[in-house]
Amino acid sequence: MHETIWVLNGPNLNLLGEREPDIYGRETLKDVENILREQAFQQEVSISFFQKNGEGELVTLIQEARLKAHGLLINPGAYSHYSLAVYDALRAVSIPKVEVHISKVLKREQERRHLLTAAACDGLIAGFGTWGYSLGLNALVKLIRGGK
Ligand code: DQA
């Protein structure tokens, strides 16, 4: 059976492609999903793709992932910088987790340079545009399969 990877996207990422394209690019979230689905097929993993604006909705999905997924790729959006609830949920889930940011958060406003939820993940990818999702999926497959 194929391993399952959940891809969770936080607030405002539904507007990818039209929202601040100079920062986030012109690709839509659907484009990202299509690219990941193709990659998942090649790497023989299954993916489920979600986007939620609410903090509680994200927490519920993270909790659910612990029972239904082998790995978690997450872009918590603005919650990344301050949500203790998302941080706690991630800590409670012991499957491999990678956080991704499209933009170069470490080069942006002071508030965005602080990354709280990433500290609960196995790795962080930031600043490579939407390609970061593919890099994150790759990393997760490696983490899940280990030496296999
Ligand atoms: C983001 C960076 C966050 O600071 C911002 O609030 C987002 C997107 C990124 O992918 O670059 O919504 O997570």
Side-chain angles (χ1 to χ4, degrees), residues 3-43 45-66 68-144:
E3 293 93 346
T4 299
I5 293 173
W6 277 23
V7 185
L8 305 190
N9 291 280
N12 301 306
L13 288 161
N14 52 317
L15 299 183
L16 203 61
E18 70 171 88
R19 165 197 187 206
E20 302 188 87
D22 44 321
I23 297 176
Y24 299 112
R26 298 240 171 237
E27 263 174 333
T28 65
L29 200 59
K30 192 70 202 166
D31 294 332
V32 174
E33 180 177 349
N34 289 338
I35 289 166
L36 284 195
R37 288 202 181 281
E38 173 60 29
Q39 183 182 339
F41 177 76
Q42 300 292 340
Q43 296 188 292
V45 291
S46 301
I47 60 166
S48 295
F49 201 89
F50 305 88
Q51 189 277 326
K52 297 289 175 192
N53 287 322
E55 187 178 16
E57 292 175 298
L58 273 183
V59 167
T60 299
L61 279 175
I62 294 166
Q63 290 182 5
E64 220 178 303
R66 92 188 189 286
K68 298 188 179 162
H70 300 92
L72 185 62
L73 182 59
I74 184 166
N75 182 349
Y79 296 135
S80 316
H81 310 296
Y82 67 90
S83 172
L84 260 183
V86 172
Y87 171 79
D88 284 347
L90 288 167
R91 283 189 59 111
V93 174
S94 57
I95 58 175
K97 291 153 285 182
V98 172
E99 181 165 306
V100 59
H101 292 284
I102 298 163
S103 64
K104 297 180 178 65
V105 276
L106 296 174
K107 277 193 169 176
R108 296 182 64 193
E109 307 96 303
Q110 193 64 44
E111 296 82 350
R112 291 183 209 276
R113 289 185 210 159
H114 175 64
L115 293 166
L116 172 61
T117 56
C121 293
D122 297 283
L124 166 70
I125 293 165
F128 291 104
T130 52
W131 183 40
Y133 284 84
S134 293
L135 297 171
L137 183 61
N138 237 332
L140 274 172
V141 171
K142 195 96 183 160
L143 286 175
I144 293 166

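We number each residue from 1, following the sequence as shown. Whatever order the structure lists them in is the order used to number ligands and atoms, beginning at 1.
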Considering residues, nucleotides and ligands other than R19, do more than 12 of their heavy atoms fall under 6.0 Å from its CZ?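 More than 12 within 6.0 Å, yes.
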Test item: side-chain donor near acceptor, Q51 and N53, under 3.5 Å: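 Side-chain D/A pair, Q51 to N53: present.
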Would you say the side chains of N9 and Y133 form a donor-acceptor pair under 3.5 Å?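 Result is yes, a qualifying pair exists.
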When you pair each N or O of ligand 1 with protein N or O atoms, which pairs come out under 3.5 Å?
unit_1: ligand 1; atom_1: 4 (O); unit_2: H81; atom_2: NE2; d: 2.6
unit_1: ligand 1; atom_1: 4 (O); unit_2: R112; atom_2: NH1; d: 2.8
unit_1: ligand 1; atom_1: 6 (O); unit_2: A78; atom_2: N; d: 3.2
unit_1: ligand 1; atom_1: 6 (O); unit_2: R112; atom_2: NH1; d: 3.1
unit_1: ligand 1; atom_1: 10 (O); unit_2: N75; atom_2: ND2; d: 2.9
unit_1: ligand 1; atom_1: 10 (O); unit_2: I102; atom_2: N; d: 2.8
unit_1: ligand 1; atom_1: 11 (O); unit_2: I102; atom_2: N; d: 3.2
unit_1: ligand 1; atom_1: 11 (O); unit_2: S103; atom_2: N; d: 2.8
unit_1: ligand 1; atom_1: 11 (O); unit_2: S103; atom_2: OG; d: 2.6
unit_1: ligand 1; atom_1: 12 (O); unit_2: R19; atom_2: NH1; d: 3.2
unit_1: ligand 1; atom_1: 12 (O); unit_2: R19; atom_2: NH2; d: 2.9
unit_1: ligand 1; atom_1: 13 (O); unit_2: N75; atom_2: OD1; d: 2.9
unit_1: ligand 1; atom_1: 13 (O); unit_2: H101; atom_2: ND1; d: 2.8

Might you work through the side chain to side chain contact (heavy atoms under 4.5 Å, CB included) test for L36 and Q39, ending with a clear yes or no? CA-CA 5 Å; L36 284 195; Q39 183 182 339; 3.9 Å; yes
Between H70 and I95, is the side chain to side chain contact (heavy atoms under 4.5 Å, CB included) condition met? List the steps. CA-CA 6 Å; H70 300 92; I95 58 175; 5.7 Å; no
List for me each residue that meets ring pair (Phe, Tyr, Trp, His ring centres under 6.0 Å) alongside F41, sequence neighbours excluded, and say none if there are none.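 Partners of F41 under the ring pair (Phe, Tyr, Trp, His ring centres under 6.0 Å) test: none.
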